[in-house]
Protein chains: 4
Amino acid sequence: MKKSDKHQKILNAAIKVFGQKGFFNARISDIAKEADVADGTIYLYFNNKYDILLTLFEEEIGKLIVEIKAAISQKTDQREMLYVFALHHLRLVIEKKELAEVLQMELRQSGESIKEYRLNKFADYVNIISEIIHTGQENNIFRRDLQAGIIKRAFFGALDEMSRLWILNPNHTYTLEESAEEISDIFLNGIVAD
Amino acid sequence: MKKSDKHQKILNAAIKVFGQKGFFNARISDIAKEADVADGTIYLYFNNKYDILLTLFEEEIGKLIVEIKAAISQKTDQREMLYVFALHHLRLVIEKKELAEVLQMELRQSGESIKEYRLNKFADYVNIISEIIHTGQENNIFRRDLQAGIIKRAFFGALDEMSRLWILNPNHTYTLEESAEEISDIFLNGIVAD
Amino acid sequence: MKKSDKHQKILNAAIKVFGQKGFFNARISDIAKEADVADGTIYLYFNNKYDILLTLFEEEIGKLIVEIKAAISQKTDQREMLYVFALHHLRLVIEKKELAEVLQMELRQSGESIKEYRLNKFADYVNIISEIIHTGQENNIFRRDLQAGIIKRAFFGALDEMSRLWILNPNHTYTLEESAEEISDIFLNGIVAD
Amino acid sequence: MKKSDKHQKILNAAIKVFGQKGFFNARISDIAKEADVADGTIYLYFNNKYDILLTLFEEEIGKLIVEIKAAISQKTDQREMLYVFALHHLRLVIEKKELAEVLQMELRQSGESIKEYRLNKFADYVNIISEIIHTGQENNIFRRDLQAGIIKRAFFGALDEMSRLWILNPNHTYTLEESAEEISDIFLNGIVAD
DNA sequence: GATGAATGAGACTTCATTCAT
DNA sequence: TATGAATGAAGTCTCATTCAT
């Protein structure tokens, strides 16, 4: 499909440029150059600069959700699921470094519309965790005296902070696996029932 | 009026404006208006817009470090210390909502100098955690098979993500105390030895 | 419209505006209005305000050098050449009054880069005189006890001061020809050998 | 006299600062710092920045006129007078380098009021030459077929251009004396009768 | 659809000038 | 008189967006 070709080409360029310079420091012409199209062409596919960011969030996070759900669905034990989520999430951060950078940085930006989006697509992603937790609690695998919403945030925040280290400091002190394992370990130890 | 008076007045205004609109969307004139000074006056106290942000990081985080260290120093058990850190951190987020917002958002920005600062003052703040962990490991209170650096990030990330909820969503679903308790609980359960 | 078209259009506007108001009193918006383009357009062709002045020096003086060399090359006697230089120089001042004004005023400005430029393009122009003098001295037409460098400056200075009169006082007291003739006369009388 | 003390102190500072940075690049605070007074104090002695420059022209050129007239008055032969003028003028340029720089640069600036001043005080200075020429012509020492106005400008222009060399290029290629002599030589040779 | 030159609103920053002390 | 902190008008420059080709 021709049209979506250029749509994605621009989006990929935007991921790269936003990731490197941040949304506000990135110029439309940077993205255009990276995507190898004219500045004006971008406006045939997106309404404005901000729309690129929003579309990027929506579509790219959508893909991540699909991917990570596929990985999790291969497990049945909620403890394993949590570990798989951690592993997969951190792997994404390494594999799609620039996208991760954009999501980390720009998702924290203020601005009403971003906040709304956060509560939509991004929330869907993070809610994968709370679903696991919830099911785990129902199955008496996880402690029921803890609130799923708090666990969800704590677990995601832990992974997210770990990612931040890698994004800022490319020469990793910790490996992917040991990070995923230790973090999962702490949480599982902390939240398993009995 | 003492010089330091206006310095702080502008900084407070900047905290408020940056917190509300973000660094890039904030105008110098917004800060000036909020501080009730002329635009030009700002440049008597700061070199440029960016310098305001940097000074803000340095000075305000410095104050937080002093405060939180004072709170922790009243405890002797590292488990209690972690809880106090969590409680105090979240309390700061609520009490100094706008400062927390600035720190959360802008500290994630890219830009080399920010990154450097991050690795300085902000790192000092977070390293309070790893010091506690480390001492706890030496005292055989905490598991030694986990790396202090990972625990530090996981714990701080958990609190930070919790804060994000409150910043974005002012009507708190969870109370300060239950949040601090549950997060500490998970971690302490997860990391205590034996 | 060719790119070079607008480049020259802006340069011509700059000559006019700089000539009338001086470099520092001239506004970019003045030049833009005179050139009938938007303010921003100027920055598609020049890096900054100062770059306009520098380019102006370089390119316009370059043209003058070509013109005056062509005029001189038609003479064989160095005495005639000096006269032709004088005549041509003063004619340029009248014909390109605004350019002359810019060159007179702004070339005197301090600032390192201007000084360097002065020593380049502008020096090339003035050195046309010293080349004539030098050849004249070799041919024993001009006195060899005088230093070509001093004669060059004296002759150019004389013409330049004459120009100043016209630039400041548009209603000429002296005609072009009599000025060129008398000045050449004085110098030729003063420097011819024997 | 107290008042004139500070008046002159500021003026001297202005000469230095204008000479180094040029009128437009000089800041009132630069002058204040150089004069060791507060910014506001300057406005007790001068109406505005421009007034400093104008006063500077008026008063300092006035002094130069007095000095140079005194030197000339010791000679009776107009040929000697011309040489003395040249010698004295160039000596001033070296001794009062910064003042010379200001006069050279800023006197060329456009702006109506400067132009008027030029035609006043500065003209008085230059007219010392034409008076000599005129008297010389009356005494049949100088050729009467040349117009005094043109000789005046040519002679002054020659000296002025020579000065420019020294101002821009501090390591003098030519000595003061040889410059004054050669220039006077050329002109006297060129304009003496018969 | 694609281009990219042109636009012009708006931001940061400077600095001459003022005025309360 | 003297100060110097404060002012705010105004200028340079950037860059998202448009539109004629």
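Chain letters run A, B, ... following the sequence lines, proteins first, then strands; residues in each count from 1.
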Inset, instruction - For the residue pair F46(C) and H7(C), categorise the inter-ring angle as parallel (less than 30°), tilted (30 to 60°) or perpendicular (more than 60°). - result: parallel

Legend entry - Of T41(B) and S29(C), the one whose closest DNA chain F nucleotide lies more 5': T41(B)

Inset, instruction - When you get a sec, tell me which of dG4(E), dA6(F), dC12(E) is the closest nucleotide to the side chain of R27(B)? - result: dC12(E)

Legend entry - d(CD1, I42(A); C1', dC19(F)) in whole Å: 16 Å

Inset, instruction - State whether the side chain of T41(C) and the backbone N or O of V37(C) hold a donor-acceptor pair below 3.5 Å, judged by distance alone. - result: no

Inset, instruction - May I ask you to evaluate whether Y45(B) reaches the phosphate of dA5(F), defined as a side-chain N or O under 4.0 Å from OP1 or OP2? - result: no

Inset, instruction - Have a look at I28(B) and say if it touches a base, only the backbone sugar-phosphate, or nothing, with a 4.0 Å heavy-atom cut-off. - result: base

Legend entry - Between dA16(E) (P) and L53(D) (CG): distance, integer Å: 13 Å

Legend entry - K49(A) side chain to F23(A) backbone, donor-acceptor under 3.5 Å: yes

Inset, instruction - Select one nucleotide: of dT3(F), dA6(E), dA2(E), the one nearest the side-chain heavy atoms of L44(C). - result: dA6(E)

Inset, instruction - Please state how far atom NE2 in H7(B) lies from atom C1' in dA5(F), giving the value in whole angstrom units. - result: 16 Å

Inset, instruction - Find the partner of dT21(E): check Watson-Crick (N1-N3 plus N6-O4 or O6-N4) and G-U wobble (N1-O2, O6-N3) distances, both under 3.5 Å, and reply none if neither fits. - result: dA2(F)

Inset, instruction - Rounded to the nearest angstrom, tell me the gap between atom CD1 in I52(B) and atom P in dC12(E). - result: 9 Å

Inset, instruction - Verify the contact: side-chain N or O of K6(A) to OP1 or OP2 of dA2(E), cut-off strictly under 4.0 Å; return yes or no. - result: yes

Inset, instruction - Figure out the CG/C1' separation between D5(B) and dA5(F), and round it to whole Å. - result: 13 Å

Inset, instruction - Describe the nucleic acid contact of A26(D) in one word from base, sugar-phosphate, nothing, applying a heavy-atom distance below 4.0 Å. - result: sugar-phosphate

Inset, instruction - Would you kindly check if the NZ (Lys) or CZ (Arg) of K6(A) is within the cone defined by 45 degrees around the ring axis of Y45(A) and under 6.0 Å from the six-membered ring centre? - result: no

Legend entry - Nearest-Å distance for atom pair CD1/C1', residues I31(D) and dG4(F): 16 Å

Legend entry - Residues E34(A), K16(A): salt bridge by 4.0 Å N-O rule: yes

Inset, instruction - Take atom CG of D30(A) and atom P of dT14(F), then tell me their distance rounded to the nearest Å. - result: 13 Å

Legend entry - Atom-pair distance (CG on N47(B); C1' on dT14(E)), nearest Å: 13 Å

Legend entry - Residue met sooner reading DNA chain E from 5', once Y43(D) and D39(B) are mapped to nucleotides: D39(B)

Legend entry - K49(C) side-chain proximity, nearest of dA6(F), dG1(E), dC13(F): dC13(F)

